[in-house]
Each structure stands twice: as C-alpha cells, then as structure tokens.
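On a predicted model such as this, the values are computed, not experimentally measured, just so you know.
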Amino acid sequence: MMDDFPLLLSTLYDRAVRLFPNQEIVSIEADRSLIRSSYQETDQRVRRLATALNRKLGVKQGQAVGTFAWNNQRHHELYWATANSGRICHTLNIRLFADQLIYIINHGEDQVVFVDPDLIGLIAPIVPDLKTVKAFVVMSDDASDSDLPNAIAYEDLIADVAPHGAWPELSERSPHMFCYTSGTTGDPKGVAYTQRSTYMHVISNLATVHIGPEDNVMPIVPMFHASAWGYPFMATTQGARLTYPGPDLSAEALVPLIESEGVTFSAGVPTVMLGMKQYLEENPEADISSLQAFLCGGSAVPRSLIEWFWTSQGVRVIQGWGMTETNPVASVALLKPHMTKWDFDRQLDVLETAGLPTAGLQVKIVDDDGNRLPEDGEAFGELLIRGPWVTAEYYNDPRTPQSFQDGWLRTGDVCKITPEGYVRITDRAKDLIKSGGEWISSVDLENRLMAHPEVTEAAVVGARHEKWQERPVALVVSRQGSDVTEADLLEFLRPHVAGWWLPDRVIFIDEVPKTGTGKFDKKVLRDSHRDVLSG
C-alpha cells in the first residue's frame, strides 16, 4: 500500500533542493566572517559529506557523529548528511560541564566529533576520556593548528570524494539525532529523534505557524539544543531562506543581522529577546521591520515582553512550549478566530500562556495520585503529554520508568488548562514555593517583576523560613544606572498579587545565572539563597 511509504526526511530535503535550488543560506562563521550559499550548492556539499562519513571516517549507518558547533553552514550540512544517509547526528551542548560531555559522548558511542575551531579549547581537555571517538573534524579549511588526535579539516574531508547518489530507503523508526537533556540533576538523559518523529513534528508545526519560501528564517536557539527546535528542518522543507547567526548571540550582533538580511522569522529564548529589547530602546534608529514573528520558549515569556515587541516594533512574539522529549515544540500560543476581536489586554491573557497543543498531541493534568483534573482554568496539577513524536523512553537509560506513566510523558511542569484548551504553566514542580501549606508561583512573580521598566531580569526562589516553611525571595537585575529600590518593586507588585505572595526580600544582583540552554538557573540561586532569611 502507498500509505506504507516511509516518512523519511530525505524526501522533504530532495523536494526542497529540486524546487528551490537558488534559495539562499547565509552563515556567520566561527571567525565572524559571512558566507553565502544556495540550496543547490549546499546539496553538493551535503552529498560529499555523506560519502566521506562512510568512506573516509568509517561511520556506519546507525552510528553516531558528535557535533560541537555553533549555528552555521557546516552544522546545517551535518544535520542533513547524517539524516539522509542513516547516520545519527549527536549535537553536543557546548555549555555542559566536562563530566557531562564525557558521559554523553561515551553514552552515545560517538565515532567522530566535528568541532568548530574556536571551540577546540573546550573539548581538548576531555579527549583522553572519550572511549569511542576515532577522529576529530575541525569545521574549517585548516586543522594544522589543532592539537586534537587524528584531526582533519572539514574542507579537506569533503574535497576529493564523489557526491552521494540516491539516499537509502531507511526505516522511518530509525534514529537520526541524539539530543540529551541539560542534566541539571544527575547525568543528562538521551532522547533519540527518529525519522518518523521529526517528519511529523515538522509537518504539524508548519501547519501551526506558517513558514513559506518567502520567509527568511534565523534560528537563534542553538543547533546543539533540541535540534534548534526543528527550524533547520522546517525552513528547508518549505524552501525558505536560512540565516545562521554563528557564535555571537548578543543583541549587538543579532539586530544588525536581522536588518541587513531581512529576517522575517526567528526563534530563541526570552533572555535573547530581553537583550534585543534593551538594544532597540537604546538604539531607536535600528530597523527590524522585516521581522514578522519570533517564536519564544525555553522558559516563560514575560507578558510585558510580548506587549512591548508588538506595540513598539510590530513583531508577534509567539510563546511556544516543549521539551527535549517532545522533539521539542509541543504547544503554541495563538489566538482563536473569535479572540481577534478582543481588546489587546484580554488577548495578552491568552498570548502569555503556553498555548494549544499542536495537532497530533494530547495533554492532561493530574493530581499527586495520577487522577485526571478538570480543565477549568482553576485546577492545577502535573502536565502529562503523549503523541506520535513524543519519546516513549530515554535512550539506554534505567531512569525511563520515572518519567513515563501508562504511555504518557510526565513533564514535571505544574499547569492549568483553560476551558478553551490553553495550557497555562504555573511553574516547574521543583520551582513552586510552598508557604504555610499554600503554593506560590515563582513564574508569575518573575513575569510581574520583569514588567517593571527598570528591571531587565528577575528570578524568584524559595528560602527557608522558620514559621512558613518557605518564603519567596526575588533576585533582580536592574537596568544600568537605575535607582529602583526594594520598596519600589514591592509596591509595583502589590496590586497584582495576593499580599502573602509578596517576596520577603528583593535582592539586587549583577546577573541571573543561566543554564547551558539559556534558561535561568534557579538551582544555583536556590542553593546560594536558601538561608538568606535565617537569623
């Protein structure tokens, strides 16, 4: 039957190259130079790389290739050469600790590691601990300065091989990518993205948030984090232009790139957007009028950020939610047709949620005993999710049973679901603050604080309290030169939250620590401020 035709990424790729051969890919390289290529030119490089993986590096189908790299042209080529030929692209988070990197490279049994030249210094110290890596490929045209064993330059690797012919007909359930969780507790957990799961994720998400050949897509979210949320695959599938921003993700680099290349769609974490907001306020002559939409996720997007970008820049900030385990985008906050007539403040009530599950996925919330809770916008419990691109297990990991329940993935997020079906994340279970037996949402407090014009970042954690068990403490980064005080911020919060939610302390800090994926590292803040209310 034709409906048994396998769901393979190579079919999406070949269509894009055939129909849009002259579409452009722009890339900022490790040395900050800018290069331009086309789909057709890139296809020849992808096919030569696929040949070299086999004949020069000896990587067999089903074996993993590590990538230690920024968002750039060669990383794009690796995504497609591995997926199309049956190898596994194992993206390595450059911000993981050394022992975590050693663990995931050995656990994934990576045969080769491709590394950007400016990242060699990060990976060189752990080379003696890597058990399966046979060679290193420096992602440039020269590897002579590298101290890595058996190192070869990327351009030398693909220079003298014939392009791969027709792509093999693989099993749609074969893995094409390993993505590991950031491992904030214990060793990172591996998730295998299959041909089928990514194919279906691509199709469903393109049906949710439109990207077309007229677009220029810039994935700011790192390619080493959950496949850049799938946007290299989605943009290519639709024949869109692609702009890869390289190593500099500061607003000073991103805003001019958006302007010069005419980027229309981008995706990244809230901290990136907060930086862009500050830059645009300080540089009103900057022009990002080409940018139509920005999918923002990884942590809760402040309501004030959504409002500012729309009213000041005409940019739709679309909140998305997902996990490494969900391939990753699983819900998107878009308005239903009848909501377009609402006033903007009421629309923001919807746009600040985690949104509606994308087509194909099912969600529910449950209490501590696993009983399903009503979707009335009031009851809250742990969010569970299932669907055709949600992983069913962790790769070769005995911790699988802890996260899966009767075919559902336990997300660890505490949520409400409204009668309209919108998921509203109250907090991560570990970040909720229990004060006197009642729960306080750190996310709600953070978003309210970041709505203050003198606040650039805010994180709220629970500190020990003799009477109430825990009380909220706010760690705030104020705008440079600001004289905002603790009393000012508490007064700002007072009309918006219950009195017993008000933080016991507001402490001003220079910077909120970040995880390897750009989220606020609440664990570090909890550990350092656990006893701040004692004595």
Side-chain angles (χ1 to χ4, degrees), residues 1-19 39 42-67 75-91 107-112 114 132 157-158 161-180 190-206 223 226-228 230-239 324-328 360 387-396:
M1 295 290 291
M2 192 64 76
D3 59 8
D4 291 331
F5 187 86
L7 305 181
L8 300 181
L9 295 173
S10 59
T11 61
L12 303 178
Y13 174 86
D14 280 347
R15 173 188 176 275
V17 173
R18 181 172 62 85
L19 298 182
Y39 275 29
T42 298
D43 179 53
Q44 290 303 302
R45 292 172 58 82
V46 167
R47 291 179 182 276
R48 296 207 307 271
L49 177 57
T51 299
L53 287 173
N54 177 28
R55 296 184 185 173
K56 283 193 168 184
L57 298 175
V59 182
K60 300 182 177 67
Q61 286 189 359
Q63 290 186 320
V65 172
T67 67
H75 210 167
H76 173 93
E77 293 165 5
L78 275 159
Y79 264 41
W80 284 110
T82 50
N84 293 349
S85 69
R87 277 77 187 172
I88 301 169
C89 182
H90 181 189
T91 54
H107 189 263
E109 299 183 21
D110 296 359
Q111 303 296 299
V112 180
F114 285 71
T132 59
L157 177 72
I158 68 172
V161 291
H164 196 290
W167 301 117
E169 186 168 313
L170 308 165
S171 165
E172 66 176 33
R173 297 185 183 274
S174 62
H176 75 91
M177 182 169 282
F178 284 159
C179 293
Y180 280 69
V191 177
Y193 292 178
T194 66
Q195 296 277 338
R196 180 178 186 269
S197 70
T198 298
Y199 189 109
M200 298 188 76
H201 178 267
V202 164
I203 299 303
S204 181
N205 275 277
L206 286 173
M223 295 174 77
S227 71
Y231 282 103
F233 297 116
M234 285 186 253
T236 303
T237 293
Q238 288 292 79
T324 302
E325 293 88 337
T326 61
N327 213 103
W389 59 86
V390 178
T391 190
E393 61 184 0
Y394 293 115
Y395 175 67
N396 193 22

So, do [X] and [Y] sit near enough that their side-chain heavy atoms are less than 4.5 Å apart?
X: T11; Y: F5; answer: yes
X: F178; Y: V191; answer: no
X: H107; Y: Y180; answer: yes
X: T91; Y: H75; answer: yes
X: Y395; Y: P175; answer: no
X: W80; Y: D43; answer: no
X: Y193; Y: L9; answer: no
X: V46; Y: Y13; answer: yes

Of all heavy-atom pairs between [X] and [Y], which one has the smallest distance, and what is that distance?
X: A166; Y: H164; value: O-CE1, 3.3 Å
X: G66; Y: D110; value: CA-OD2, 3.6 Å
X: C89; Y: T82; value: CB-OG1, 3.3 Å
X: R47; Y: D14; value: NH2-OD1, 3.2 Å
X: R15; Y: T237; value: NH1-O, 3.3 Å
X: S227; Y: P232; value: O-CD, 3.6 Å

Please check if the side chain of [X] supplies one atom and the backbone of [Y] the other of a donor-acceptor pair under 3.5 Å.
X: S204; Y: M200; result: no
X: T51; Y: A162; result: yes
X: Q111; Y: E109; result: yes
X: Y79; Y: M223; result: yes
X: T67; Y: F114; result: no

Distance-only side-chain donor-acceptor flag, T198 / H176, under 3.5 Å
yes
For the residue pair N205 and Y231, confirm or rule out a side-chain donor-acceptor distance under 3.5 Å.
no
Rounded to the nearest 0.5 Å, what's the gap from [atom1] on [X] to [atom2] on [Y]? Could you check?
X: F233; Y: L12; atom1: CZ; atom2: CG; value: 10.0 Å
X: T42; Y: H76; atom1: OG1; atom2: NE2; value: 5.5 Å
X: S85; Y: N54; atom1: OG; atom2: CG; value: 8.0 Å
X: I203; Y: M234; atom1: CD1; atom2: CE; value: 10.0 Å
X: R196; Y: L8; atom1: CZ; atom2: CG; value: 12.0 Å
X: L78; Y: R45; atom1: CG; atom2: CZ; value: 10.0 Å

I would like to know whether V161 and K56 meet side chain to side chain contact (heavy atoms under 4.5 Å, CB included); could you show each step before the answer?
CA-CA 9 Å; V161 291; K56 283 193 168 184; 3.9 Å; yes
Those residues at least two apart in sequence (or on a different chain) that pass salt bridge (Lys or Arg N to Asp or Glu O under 4.0 Å) with R87 are none
Starting from the C-alpha separation in whole Å, work towards a yes-or-no answer on side chain to side chain contact (heavy atoms under 4.5 Å, CB included) for L57 and L157.
CA-CA 9 Å; L57 298 175; L157 177 72; 3.9 Å; yes
CD of Q61: more than 12 outside heavy atoms within 6.0 angstrom?
yes
